[in-house]
There are 2 protein chains.
Amino acid sequence: MNRTLVVQKYGGTSVGSLDNIRRVARRVKMAWEAGQNVLVVVSAMAGETDKLLGMANELSERPERREIDLLLSSGERVSSALLSIALHAIGCPAVALTGRQMGLLTDNSHTRARIKQIEAHRAQEVLGRNHVVVCAGFQGINELGDVTTLGRGGSDTSAVALAVAVKADRCEIYTDVKGVYTADPRVVPNARKLHVVSFDEMLEMASLGAKVLQLRCVEFAKNFNIPLVVRSSFDEEDEGTYICKECPDMEEPVVSGVMYDKDQSKITVKGVPDRPGVAAKLFSALAAESLSVDMIIQNVSAEGHTDISFTLPTAHLKEAEPIVDSVAKAIQARSVESDSQISKISVVGAGMRSHFGVAARIFQTLSDEGINVIMISTSEIRVSCVIEKKYTELAVRSLHDAFNLEHEPERVVEPEPASSVDPGDTV
Amino acid sequence: MNRTLVVQKYGGTSVGSLDNIRRVARRVKMAWEAGQNVLVVVSAMAGETDKLLGMANELSERPERREIDLLLSSGERVSSALLSIALHAIGCPAVALTGRQMGLLTDNSHTRARIKQIEAHRAQEVLGRNHVVVCAGFQGINELGDVTTLGRGGSDTSAVALAVAVKADRCEIYTDVKGVYTADPRVVPNARKLHVVSFDEMLEMASLGAKVLQLRCVEFAKNFNIPLVVRSSFDEEDEGTYICKECPDMEEPVVSGVMYDKDQSKITVKGVPDRPGVAAKLFSALAAESLSVDMIIQNVSAEGHTDISFTLPTAHLKEAEPIVDSVAKAIQARSVESDSQISKISVVGAGMRSHFGVAARIFQTLSDEGINVIMISTSEIRVSCVIEKKYTELAVRSLHDAFNLEHEPERVVEPEPASSVDPGDTV
């Protein structure tokens, strides 16, 4: 009989104290005793990474990224060793492995490395002996053998990548919330926890500011079709949110959630001569500095001139402004204006693919509240609007109500004919 | 022109705060600017190792030694990364390397591993580019690729071993004292810092309780003939103590220092039947438990019975007593007595080899102070006496005075004929 193989990832808060580490150990042991093979991935203890970074920044205005990686990687080594010790203490055999020992090979981009390959022989060997593997997340090595780290959300990404490498049945992400919600519960008190979300929806949500999962992690899970579970490390009852490929018998509501992102700013270049190549010049200058632009709109041209507006993360505004100014001068635009008092509200739902009228209902709802829509962008399963920042919470609550998200949705897809009656049928 | 290659080792206090790390960085840069190639070995920031061990011990009564090594090794990684960052910040190019990256291979004895081999290609390459290497001390890897640590004093030992591996001209040990003293300055206010000490003397001193250098480190330096310098990381003027092979033009005083060790206890087995093999039985039982015995005396036999006394570190007393009791019963000895109220006073000097009367002067001095000598042991360059613990400080001060140690010694060896006049002469 093959045992189920599960990857469990615990974030910084989940291993943030010795008591919490003991709690995680009990949780891991439960799964192990229930007959599962378990590979655990841990983050650094909460606060540790910031403490180390703070010291580096005190010593240098621009600390070397290679040394930062060596510095930060120690955080996950500590938590993985402690969790392994805690597991042994309660009679659950475990082996702590570093990113290097997990065979996690990355490119050379220190502090934001990309995973190239995983050679998980050592982990396979440990799992084969029915021991728990406790792996230091967030870290790998490059071809020189130097330590690299995977950047923000790196522990989640390494958890999914390791799940792929060891052919796990699923990857469970333990965090301090119960799962993925229809909206931020701090803003919408009657927000509902979702049972199931599709990879595509989760990708949209992650890129729209849902902090529960990082985009890269979801991309990885989707590409390799590893089901994710997001659940609380402090609540053993709640089953969390299951994230997987869409399948016929999955609930597929028209709208799954409402997201917001207040960390967006808008730059408008006014009086741009309307000739080919002008926009390209602007956006390649920004791309050259790795500044990513989100929405772009260009007004209808009037008298051979037009306005170009685009949004970008507020954190990049200071860096972008001088670049935009210099391009604006070069292309003889009239002026440049920045606005950080905006936010982006997004409505996401896989059911939008087959349902019309979602955008219309959004605009109507916002209009009813007297909220002006400044910019719009859409995908197959998402509608995003830029609005004035001060209306953010009002907009989220109104849309949550408008789509009746506090209640479980009715099924909007027909059940597959006979699929539940005749298991011999193939779809 | 070949640059001098120096290994500098900084202990936990020397890198115990960001200010101290900056101070060390300036010190390293000075040497580098003076045209030296520098390989720095650092300990964990003061207190860090104890903090990590404390957490492990809270989680488990007997934490796995393999996981302890992974846990503790993070401390030196942090300090090496921080020092490298601090060096870059003041314009001194540096590369931090872990024990693994230094190629420091050990046996499998976790938490007290022995160095087997060093493959220092990477360090050589960095030094060849005239960059400073900052190496995490105390750690290596075993043949499985698991992290190992070298146990107490391990950073000093790895510094000397690395000095051997990269063929350094000398190994400088930076600490919080100015060098090696004729006696503990806390006990003898007029104790004098020694300019030069021979490896043999330093070996005796280290094994007799001089805490400034660990025995293993000195053994290593002696075996591979790497000169050591012990000096303060807080005092740039003082040149510290130079420790090297004896050479003709070295000051060779009859007595170099007076050491004491209060952490000794004595066990006496009384009424032991005087027949061959009895002592062997006792001491092999202790050796089997890795309990090391220091001095041993056996009384003259009377009526077929004798008493055997030996000393051992007080820390091992509790473990040794039941073993001695059971052997005593087996060999039908009369009784076993322990005494932890003793201390060992030692007088060390390379000049003793050619000078007689040192032991006599020691006994006379102690006798003049009314101090009874309980046990005696000697080597070529050392005389040790066990006395009652309460007389420790009095004994050290009297002996320091008796051998006039507060003053620079007169030369006791003849200068090599003509060696300073005719440099063409070979010795």
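Residue numbers start from 1 in every chain, and the chains themselves are labelled A, B, ... in the order their sequence lines are given, proteins ahead of strands. Computed from a predicted structure; not experimentally measured.
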Task: Within 6.0 Å of CD in Glu143(B), more than 12 heavy atoms from elsewhere - done: no

Task: Residue part contacting chain A, namely of Ala94(B), when any heavy atom lies under 4.5 Å - done: backbone

TODO: Step by step, work out the side chain to side chain contact (heavy atoms under 4.5 Å, CB included) result for Leu71(B) and Arg77(A).
DONE: CA-CA 6 Å; Leu71(B) 183 70; Arg77(A) 293 164 75 95; over 6 Å; no

Open item on the list: Which atoms of Leu72(B) are under 4.5 Å from chain A, going by heavy atoms: the side chain, the backbone, both sets, or neither?
Closed with: neither

TODO: Indicate yes or no for a side-chain donor-acceptor contact from Arg62(B) to the backbone of Ala89(A) under 3.5 Å, with no hydrogens or angles considered.
DONE: no

Task: Straight-line distance of Arg100(B) CZ to Ile141(A) CD1, nearest 0.5 Å - done: 8.0 Å

TODO: Quick one: which of Leu97(B), Val78(B), Thr98(B) has the most heavy-atom pairs under 4.5 Å with chain A, could you say?
DONE: Val78(B)

Open item on the list: With a 4.5 angstrom heavy-atom cut-off, is it the side chain or the backbone of Ser73(B) that approaches chain A, or both, or neither?
Closed with: side chain

Open item on the list: Given 3.5 Å as the limit, does a donor-acceptor pair link the side chain of Gln101(A) with the main chain of Gly145(B), or not?
Closed with: yes

Open item on the list: With a sphere of 6.0 Å drawn around CZ of Arg114(A), does it hold more than 12 non-hydrogen atoms of other residues, nucleotides or ligands?
Closed with: no

Open item on the list: Does Leu83(B) form a side chain to side chain contact (heavy atoms under 4.5 Å, CB included) with Leu59(A)? I'd like the steps, not just the answer.
Closed with: CA-CA 9 Å; Leu83(B) 178 56; Leu59(A) 288 173; over 6 Å; no

- [ ] Sort out for me which of Leu144(A), Ile21(A), Asp146(A) touches chain B most, counting heavy-atom pairs under 4.5 Å.
- [x] Asp146(A)

Open item on the list: Tell me the closest heavy-atom pair linking Leu70(B) and Ser80(A), and the distance in Å.
Closed with: CD2-OG, 4.0 Å

Open item on the list: Working to the nearest 0.5 angstrom, can you tell me the gap between Arg22(B) CZ and Glu58(A) CD?
Closed with: 6.0 Å

Task: Test side chain to side chain contact (heavy atoms under 4.5 Å, CB included) applied to Leu18(B) and Met55(A), step by step - done: CA-CA 7 Å; Leu18(B) 294 182; Met55(A) 293 200 287; 4.0 Å; yes

Open item on the list: Run the side chain to side chain contact (heavy atoms under 4.5 Å, CB included) test on Val134(B) and Glu67(A) for me, step by step, so that the C-alpha distance in whole Å, both residues' side-chain angles and the decisive distance to 0.1 Å come before the verdict.
Closed with: CA-CA 11 Å; Val134(B) 182; Glu67(A) 317 303 70; over 6 Å; no

- [ ] For atom CZ of Arg122(A), decide whether the heavy atoms of other residues, nucleotides or ligands shown that lie under 6.0 angstrom number more than 12.
- [x] yes

- [ ] Would you mind telling me which of Val95(B), Ile90(B), Leu52(B) has the largest number of heavy-atom pairs within less than 4.5 Å of chain A?
- [x] Val95(B)

Task: Which atom of Glu64(B) lies closest to which atom of Ile85(A), heavy atoms considered - done: OE1-CA, 4.1 Å

TODO: Identify the two heavy atoms, one from Ala56(B) and one from Leu82(A), that lie closest to each other, and give their separation to 0.1 Å.
DONE: N-CD2, 4.0 Å

